[in-house]
Amino acid sequence: MLDKLLPTTFFARPAEIVAPELLGCRLMRRMDGEIYQGLIVETEAYDATDPACHGYRRKTERNAAIFGAPATVYVYLIYGRYHCVNIVTDRQDFCSAVLIRALECDRLPADLPNPKDKPHRAAAGPGKLCQLLKIDRQLNGVSLNPANNLWIEGRSPEFNEAIVQTTRIGLTQGVDLPWRWYLRDRPSVSKVKDKVIQKLSKGY
DNA sequence: TGTATGATTAAT
DNA sequence: TTAATCATACAA
């Protein structure tokens, strides 16, 4: 295996540093005894200075996980229908996280939630990828780890894809912060909205 | 206790 | 452009 489990130190940095570096990594999910994986193609950053962040006002029962240790999983229900998954970043007791917004999966489960989707769009959106990989609040607060059936492996050594940086999607506050990143040439990005293009060097 | 509202999505 | 749908936050 060339790929490796990302260490907790990877996540123990500001969300806006971690978010672009998660592009090209692989979200790994074991369900029903089988391992599925998706290339992370789109992310967003949130933190305590940001009015759009769920922990901006105060710590509550719902958002407690986002104040946890780096590499903690924060899952919440949105619009009463979908789940969204974040990876907690930075340090304990500081709210910050990276929202995983889209994946590109090579192998899909047999029972697809949205059979009408083209295969490369099956995980093109934060709600869709949680549905596909059966991620819900049962995983809220756990740590990224194979033992918890959810983890992230690092980029392949050959990774060298163009990254686009834009403002975030679907917000009413903090709309001008340019804290969304996606892989320019991937067809599984949820929505295309170009602002800045930067090229990241290999590795991290 | 009551009410407004989302880090969304698929259909119209 | 809109309906679906509900746990939560906050006001009262």
Side-chain angles (χ1 to χ4, degrees), chain A residues 11 14-23 27 38 40-68 70-90 94-105 108-109 111-141 144 150 152 163-183 187-193 195:
Chain A
F11 298 98
E16 63 270 29
I17 301 296
V18 175
E21 291 192 16
L22 276 176
L23 298 176
L27 183 68
I40 299 174
V41 301
E42 179 181 348
T43 57
E44 285 178 358
Y46 293 84
D47 82 13
T49 68
D50 162 18
C53 180
H54 286 173
Y56 179 69
R57 289 168 174 269
R58 63 192 182 87
K59 187 174 179 177
T60 67
E61 190 173 3
R62 175 208 194 198
N63 66 26
I66 206 174
F67 290 84
T72 297
V73 176
Y74 169 52
V75 183
Y76 64 92
L77 181 68
I78 185 68
Y79 294 104
R81 307 175 68 113
Y82 299 96
H83 294 273
C84 292
V85 62
N86 298 250
I87 313 303
V88 176
T89 54
D90 212 296
F94 179 76
C95 69
S96 74
V98 175
L99 170 70
I100 309 295
R101 284 195 55 92
L103 302 174
E104 199 160 307
C105 301
L108 297 174
D111 57 329
L112 293 171
N114 303 294
K116 295 179 65 176
D117 271 337
K118 293 183 185 296
H120 71 277
R121 301 297 297 173
K128 298 179 72 175
L129 73 89
C130 284
Q131 202 172 39
L132 185 78
L133 296 180
K134 295 183 165 58
I135 294 170
D136 61 24
R137 279 172 298 174
Q138 290 187 346
L139 288 166
N140 186 46
L144 277 184
L150 187 68
I152 296 181
I163 290 175
V164 178
Q165 180 178 16
T166 76
T167 52
R168 296 172 296 181
I169 300 288
L171 303 181
T172 58
Q173 304 186 76
V175 292
D176 293 326
L177 281 174
W179 281 3
R180 174 174 178 249
W181 294 266
Y182 63 85
L183 295 179
S188 306
V189 169
S190 69
K191 292 180 179 175
V192 174
K193 181 167 73 170
K195 273 286 180 60

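Nearer the 5' end of DNA chain B, as judged by each residue's closest nucleotide, is the contact made by Q173(A), out of P126(A) and Q173(A). Between I169(A) and K116(A), the residue whose closest nucleotide on DNA chain B is further toward the 5' end is I169(A).
Within the structure, salt bridge (Lys or Arg N to Asp or Glu O under 4.0 Å) contacts touching residues 45-59 of chain A (residues at least two apart or in different chains) are D50(A)-R168(A).
Dashed line: the shortest gap from a side-chain N or O of K128(A) to OP1 or OP2 of dA10(B) is under 4.0 Å. In terms of phosphate contacts, N114(A) brings a side-chain nitrogen or oxygen within less than 4.0 Å of OP1 or OP2 of dA10(B).
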When the side chains of residues 73-80 of chain A are checked against the rest of the protein, which donor-acceptor pairs come out under 3.5 Å, sequence neighbours left out?
{"unit_1": "Y74(A)", "atom_1": "OH", "unit_2": "H54(A)", "atom_2": "ND1", "d": "2.7"}

Which pairs would a plain distance check flag for residues 111-120 of chain A, meaning a side-chain donor or acceptor within less than 3.5 Å of a matching protein atom at least two apart in sequence or in another chain?
{"unit_1": "N114(A)", "atom_1": "ND2", "unit_2": "Q131(A)", "atom_2": "OE1", "d": "3.3"}
{"unit_1": "D117(A)", "atom_1": "OD1", "unit_2": "K128(A)", "atom_2": "NZ", "d": "3.4"}
{"unit_1": "D117(A)", "atom_1": "OD2", "unit_2": "K128(A)", "atom_2": "NZ", "d": "2.9"}

Name the atoms and distances for all side-chain donor-acceptor pairs under 3.5 Å in residues 169-176 of chain A, with sequence neighbours left out.
none

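The ring-ring contact (aromatic ring centres under 6.0 Å, His included) search around F67(A) returns none, not counting sequence neighbours. For T166(A), the side-chain contact (heavy atoms from CB on, under 4.5 Å) partners at least two apart in sequence or on another chain are V164(A), R180(A), Y182(A), K193(A), K195(A). A45(A) pairs by the side-chain contact (heavy atoms from CB on, under 4.5 Å) definition with A15(A), E16(A), A19(A), W179(A), W181(A), not counting sequence neighbours.
At distances below 3.5 Å, not a single donor-acceptor pair connects side-chain atoms of E44(A) with backbone N or O atoms of R101(A).
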5'-to-3' dot-bracket of DNA chain C (Watson-Crick, G-U; under 3.5 angstrom; crossing pairs as [ ]; | other strand) = ||||.||||||.
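Here the C1' atom of nucleotide dA7(B) and the CG atom of L177(A) are 13 Å apart, to the nearest Å. Summarising the geometry, the separation between CD on E44(A) and C1' on dT8(B) is reported as 12 Å, rounded to the nearest angstrom. Across the protein-nucleic acid pair, Y46(A) atom OH and dG6(B) atom C1' stand 11 Å apart, rounded to whole Å. Remark: P of dT8(B) and CG of N86(A) are 11 Å apart, rounded to the nearest angstrom. Y56(A) places its OH atom 15 Å from the P atom of dG6(B), with the value rounded to the nearest Å.
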Apply side-chain contact (heavy atoms from CB on, under 4.5 Å) to the pair I100(A) and N86(A), showing each step before the final yes or no.
-> CA-CA 6 Å; I100(A) 309 295; N86(A) 298 250; over 6 Å; no
Contact state string [nucleotides 3-12 of chain C, B base, S sugar-phosphate only, - no protein heavy atom under 4.0 Å] | -BBBSSSS--
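Contacts of I78(A) with the nucleic acid, taken as non-hydrogen atoms under 4.0 Å apart, involve only primed sugar atoms and P, OP1 or OP2.
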